[in-house]
Amino acid sequence: MRRGVGRWAAAAVVALLAAGTVTGCGGEEPPVREVAAELPTAAAPAEEPAEAPADAPSEAPPAVAAMGGKPSPSAKASAKPRPKPSRTSTAPLARPKPPTETRVPPPPPKPAPSGCKPTHRGTKATQSQVKAALADAAARTYWPTSAPDIRIPSTLMKATAWQESGWQSTIVACDGGVGLMQVMPATAEWMNQRFEQSYDIDDYRDNAYLGGTYLAWLTKYIGDMYFESDYRLDASLCTAELDSCLLNAVISAYNYGHAAVAREGRPLAIPNPQYVYNVRDLMTSCECLGF
């Protein structure tokens with residue numbers, strides 16, 4: 001979250017789980033698993049945007065692949081009734097409205113130095129504890145007064161946590177990302193101030209709430225600017241173009257930051273297409289959905 005989340009090298013996660021040790025974060029990464037063709041709403045990826053700045057967050061391969069796991073074909077998101085659309089078109093505005101949120105999160109951190117090693121701290125939460133924490137975070141109403149209809153799909157919470165940490169509650173990444181949702185300390189401090197909370201970044205339950213809070217903030221921020229306050233994070237609203245729906249934009253911004261996706265006076269941007277494809281794929285095929 002943050003910043004670019006899910007940042008340490010995939011090799012570090014594999015070594016950590018297989019041997020109980022941590023390898024260099026700056027080591028060589030295995031090839032990213034392409035999943036664009038697997039997405040039901042994305043027959044072909046949209047044209048990739050211009051190269052991101054040097055200090056932008058990197059795109060990491062999906063945690064499920066990094067851990068050596070295989071997607072569970074039978075684990076599918078359960079269908080839920082969708083609210084009626086609030087406007088006739090679901091496409092983003094070509095020229096966005098001014099942002100309604102003027103208090104924004106801190107910018108993403110710079111890439112971690114070569115040779116750094118991810119670490120662990122605290123007591124590891126069990127798989128059932130993580131599942132319950134993510135479910136609780138998805139069930140929360142983050143904007144009870146101004147946007148009570150904002151809901152974070154459970155599949156999005158689970159997939160993001162799997163992409164970011166492989167559901168490891170104690171992991172601390174090379175760039176400083178912490179826990180299940182790889183929350184940056186500066187982002188956690190900002191969200192606690194913005195929402196008048198006191199979430200503990202090292203508590204796996206609070207870490208899940210922080211991740212859900214950030215997803216909810218991004219939903220409102222981008223939804224107000226580009227989607228006329230239509231906050232549906234619904235995959236059925238997406239087309240083959242990655243910049244066609246709020247769901248893809250929120251996923252992208254969780255990794256790259258809001259400023260790289262929602263830009264005043266400019267069309268919606270998706271600067272990290274592979275990350276979006278990874279999370280979208282995990283939302284329907286991740287083995288974690290069957291836990």
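FYI, side chains are in, hydrogens and waters are out, and symmetry mates aren't considered; it's all heavy atoms of this structure. Numbering starts at 1 and runs along the sequence shown.
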Separation of [Y] [atom2] from [X] [atom1] (nearest 0.5 Å):
X	Y	atom1	atom2	value
S252	L218	OG	CG	9.5 Å
R103	W190	CZ	CH2	7.5 Å
T213	R140	OG1	CZ	6.5 Å
I171	E164	CD1	CD	12.0 Å
D206	L180	CG	CG	11.0 Å
T160	Y275	OG1	OH	5.5 Å

pair [X]-[Y]: side-chain heavy atoms closer than 4.5 Å:
X	Y	value
P105	Y214	yes
P92	P267	no
V279	L156	yes
V183	Y199	no
K97	Y226	no
P108	Y256	no
T170	R121	no
R232	L237	yes

Judged by atom type as modelled, is there a donor-acceptor pair below 3.5 Å linking the side chain of [X] to the main-chain atoms of [Y]?
X	Y	value
N248	L242	yes
E196	Q193	no
D224	T100	no
T141	P144	no
S244	E241	yes
Q168	S165	yes
D243	I270	no
N278	Q274	yes
S285	D281	yes
K131	F291	yes

Which heavy atom in [X] sits nearest to a heavy atom in [Y], and how many Å separate them?
X	Y	value
N207	G179	ND2-CA, 3.7 Å
A208	M157	O-CE, 3.6 Å
A112	C174	CB-CB, 3.4 Å
Q127	W167	O-CZ3, 4.0 Å
M283	L289	O-CD1, 3.3 Å
I222	V261	CD1-CG1, 4.2 Å

Working for side-chain contact (heavy atoms from CB on, under 4.5 Å), residues L210 and M191: CA-CA 7 Å; L210 284 166; M191 284 192 294; 3.7 Å; yes
Test side-chain hydrogen bond (donor to acceptor under 3.5 Å, both in side chains) applied to N192 and S198, step by step: CA-CA 6 Å; N192 277 332; S198 57; over 6 Å; no
L247 and C238: CA distance, side-chain angles, deciding distance, side-chain contact (heavy atoms from CB on, under 4.5 Å) verdict: CA-CA 8 Å; L247 173 61; C238 304; 4.3 Å; yes
From CA spacing to verdict: side-chain contact (heavy atoms from CB on, under 4.5 Å), R205, Q129: CA-CA 8 Å; R205 291 158 297 194; Q129 289 174 325; over 6 Å; no
Pair K124-Y204, side-chain contact (heavy atoms from CB on, under 4.5 Å): steps then yes or no: CA-CA 9 Å; K124 183 179 180 180; Y204 73 94; over 6 Å; no
Residue R95 excluded, over 12 heavy atoms near CZ under 6.0 Å: no
ring-ring contact (aromatic ring centres under 6.0 Å, His included) partner of F195, the single match among W143, W217, Y209: W143
